[in-house]
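Notes to accompany the following structure.
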Amino acid sequence: MFSLLFRKYPLFRTVLYALVIAAALGIVSVVTKQVKKSPSIEDINPAVGSAGDTMTIKGSNFGSVRDNSYVELSGRRITASGYVDWSENEIKIIIPSNVQDGLVNVVTSSGKSKPAFFANEAGIPVEAPLDTVSSLPVISSISPSSASVGESIVVTGMNFGSVRGNSFVLFSANREDAASGEDDSPSVAANEDEFDYESWSDTEIRVRVPDGAASGTVTVKTDKGGSGMKKFDVKTPVGTKKYSHGKTYAIRLNEDVDSIASKNAFSITLRVPRPIVSSFQPSVELYECSSEPLVANFNNTLIHQIELQKVEKGKSEADSSKKFKFSQDFVVASYSVETKINSRSVKDYDKNRVMFKKFSSPDSLVQSGDPEIVEFAKRVVGKEKNRYQQAKLVYDYFVANCTLLNYQRESTSSPKDLILSSNSDGKSAGDAYDFSVVYASVLRALQIPCVPVAGILVNADSSSKNHWWNEFYIEGFGWVPVDIALGKGLEFEPFRECAVDDAESYYFGNIDNQHVAFSRGWNEIRQSLVNGKTVYRPKTFAFQSIWEETSEGSVNYSSLWNNPIVTGIY
């Protein structure tokens, strides 16, 4: 029958030939599609750069011509005019003018590469270029030879490097022991986060005396080594500060991600807070991490990323049942702080300092510009003009007129309730978070630099809980610790050396060594993907705007962030 139709009817033969050809083309298409591999990035150069620089992306499976393929930088596609060259293993692009920190991906018809990380050099310190002649930094003079905390000095010499990069200036510290693992002469570095560095060149450094500095010596440290020590005296006209009873804590953070559901290629980025470095917490070390992070330290966070490819039709979503587990172990040194301040010697602030402007202005967390906050602040301090006494009056008001809740309120509640509402006994009520945020808001409304501090409070039995407290700044002295919740009798188990008889008096101006800080003030993290989705975690152990970020599209998943666990105390 088939042979009869084939011989007798030309149309039958034509249709048959067309079907054979279509089948052959389909097979070739399927085979070709299976042979294609997703692009893979091996290296980008520069990883830290500026607008207008040429970035070279090396890897494989980019395709010999660009066609509809493209490079995505910080969530934005590079436009056609931005490509210098495109080949199978190398792409060259011009970094656009609106560049931000973020991820670099190559996208072809075969899929999306795993990302590389790019940073705008305007926003991240970069390593100084190597000099042709290797030599140690040398300090020839320091002017003036004595100054108070916060005052500017000029360090002159040679071989400091044309830019600061990873270099820093060390001052003697007034810590009594060396819980941070240092020798008998502990030191404190000028703090970039507090804008201590004003200018840096190969022969001159202008730097402010950092909080926690004491009379002793100054040293410049670069990648080539340290300078000799130069004598320097720290004046204390306002009062004294003592760091003592150092403790070292081993702290573990755990994060889990599972129940992932998405048919498109996507990424999940976790921003894990790191303990901060400060005068009372001078040493923080990441000594173990369960998986290699994408970035170990950027904006005081450790970055993990989960990257999953598109699920082809008819295939199972195997990764939806996979659990991604991350853990980080830190070693943190913490000290008790005791201050003695002569309030009559307190002077008003240098309002031209960048530090003053930053820490006395409102932000996403501290609503010091709210008219009700401003009015409350004026009412509490009355005619008092002394900055230290104003801070004390606000502390005394909260201790005397507000009720402390020993449990954490719902995240939807407003800290401002602390000054606007009252309970059955006629007093307003709040938890430690509310006291910390509102105290900072009130002091900033009075133009007193103040930060809320987020972290954990460690009990003597190694258990811990999320906790929040404050620091405010006094010109010529430095930061003064305040813990309203503990001043009001928040329950916790102190070490024997930290037990106090009068908590209300002690926790204005002093703090014990059982506080471990993850944030000092609000950490505003920029979104790395333009159309991505972000997750914010309120009222937890760190103040930061982004904890999780997913790429564009519908992605469903479950995440679990455990509170910090203390695994050892030394």
Side-chain angles (χ1 to χ4, degrees), residues 38-44 47-48 59-60 74-75 101-106 111-119 124 249-262 264-277 284-311 317-332 456 516 518-519 523 525 527-529 532-537 540-542 544 546-551 555-568:
S38 297
S40 174
I41 297 177
E42 297 174 359
D43 179 64
I44 65 169
V48 179
S60 59
S74 299
D101 305 329
L103 307 179
V104 180
N105 291 284
V106 176
K112 185 176 184 179
S113 68
K114 289 186 177 181
F117 193 85
F118 170 81
I124 186 172
Y249 297 96
I251 297 175
R252 176 170 297 164
L253 300 181
N254 294 310
E255 310 85 38
D256 297 341
V257 177
D258 60 7
S259 303
I260 301 171
S262 177
N264 298 313
F266 70 95
S267 63
I268 301 174
T269 303
L270 305 183
R271 291 283 204 143
V272 182
R274 294 174 57 101
I276 55 100
V277 174
V284 174
E285 179 186 356
L286 174 67
Y287 75 91
E288 189 171 348
C289 195
S290 62
S291 61
E292 188 70 21
L294 182 65
V295 181
N297 191 0
F298 185 66
N299 284 349
N300 208 60
T301 63
L302 182 148
I303 303 176
H304 286 296
Q305 188 166 72
I306 300 168
E307 188 81 17
L308 295 178
Q309 299 300 317
K310 180 178 180 180
V311 177
E317 299 181 36
D319 286 315
S320 65
S321 60
K322 183 178 180 181
K323 176 176 283 190
F324 296 86
K325 301 177 71 69
F326 304 97
S327 69
Q328 305 81 34
D329 289 278
F330 297 94
V331 175
V332 182
I456 60 174
V516 177
F518 283 80
S519 297
N523 186 5
I525 296 174
Q527 192 170 338
S528 60
L529 300 173
K533 298 178 182 179
T534 63
V535 174
Y536 165 60
R537 301 185 68 233
T540 186
F541 61 91
Q544 63 184 48
I546 297 177
W547 292 70
E548 303 170 17
E549 184 174 3
T550 60
S551 54
V555 181
N556 295 316
Y557 66 95
S558 174
S559 63
L560 173 64
W561 292 74
N562 293 306
N563 289 329
I565 300 169
V566 178
T567 59

So do the side chains of S113 and S40 get within less than 4.5 Å of each other, counting heavy atoms only?
no
Are the side chain of N299 and the backbone of I525 linked by a donor-acceptor contact shorter than 3.5 Å?
no
Which of V104, V295, I44, V48 passes side chain to side chain contact (heavy atoms under 4.5 Å, CB included) with F117? It is V295
Taking side chain to side chain donor-acceptor pair (under 3.5 Å) as the criterion, tell me which of Q305, R271, E549 meets it with S528.
E549
Step by step, would you call W547 with T540 a side-chain contact (heavy atoms from CB on, under 4.5 Å)?
CA-CA 11 Å; W547 292 70; T540 186; 3.2 Å; yes
Take I41 and V106 through the test side-chain contact (heavy atoms from CB on, under 4.5 Å) and record every step on the way to the result.
CA-CA 7 Å; I41 297 177; V106 176; 4.0 Å; yes
Hey, is the main chain of S259 close enough, under 3.5 Å, to the side chain of S558 for a donor-acceptor pair?
no
N562: partners by side-chain hydrogen bond (donor to acceptor under 3.5 Å, both in side chains), with sequence neighbours left out
none
Is a donor from one side chain sitting under 3.5 angstrom from an acceptor on the other, for Y557 and E548?
yes
S74 OG to F118 CZ distance, which is reported to the nearest 0.5 Å
7.0 Å
Indicate the atoms forming the closest heavy-atom contact of P115 with L294, along with that distance.
O-CD1, 4.5 Å
Any idea which heavy atoms bring F518 and F541 closest together, and the distance?
CB-O, 3.3 Å
Nearest atoms (heavy-atom pairs only) where E292 meets H304
O-ND1, 4.3 Å
Rounded to the nearest 0.5 Å, how far apart are CG of N563 and CD1 of I456?
9.0 Å
Is a side-chain N or O of S290 found less than 3.5 angstrom from the main chain of S327, in a donor-acceptor match?
yes
Side chains of L302 and N297 in contact at under 4.5 Å (non-hydrogen atoms)
no
Short side-chain to backbone donor-acceptor contact, S267 and I306, under 3.5 Å
no
Which residues pass the ring pair (Phe, Tyr, Trp, His ring centres under 6.0 Å) test with F330, sequence neighbours left out?
none
Side chain to side chain, D329 and I251, heavy atoms closer than 4.5 Å
no
Run the ring pair (Phe, Tyr, Trp, His ring centres under 6.0 Å) check on W561 and Y536 step by step: do they pass?
CA-CA 12 Å; W561 292 74; Y536 165 60; over 10 Å; no
Counterpart residues, salt bridge (charged side-chain N to carboxylate O under 4.0 Å, His left out), relative to R537 (two or more places apart):
none
Testing the basics here: between N300 and P275, what is the closest heavy-atom pair and its distance to 0.1 Å?
OD1-O, 4.0 Å
Counting N and O atoms only, with roles assigned by atom type, does the side chain of Q544 sit under 3.5 Å from a partner on the main chain of I546, one being a donor and the other an acceptor?
yes
Between P273 and L253, what is the shortest heavy-atom contact and its length?
O-CD1, 3.4 Å
side-chain contact (heavy atoms from CB on, under 4.5 Å) between I565 and T567, intermediate numbers included
CA-CA 6 Å; I565 300 169; T567 59; 4.3 Å; yes
Once you round to the nearest 0.5 Å, how far does CG of N105 lie from CD of E307?
6.0 Å
C289 and Q328: which non-hydrogen atoms are nearest, and at how many Å?
SG-CG, 3.9 Å
Starting from the C-alpha separation in whole Å, work towards a yes-or-no answer on side-chain contact (heavy atoms from CB on, under 4.5 Å) for V272 and T301.
CA-CA 5 Å; V272 182; T301 63; 5.9 Å; no
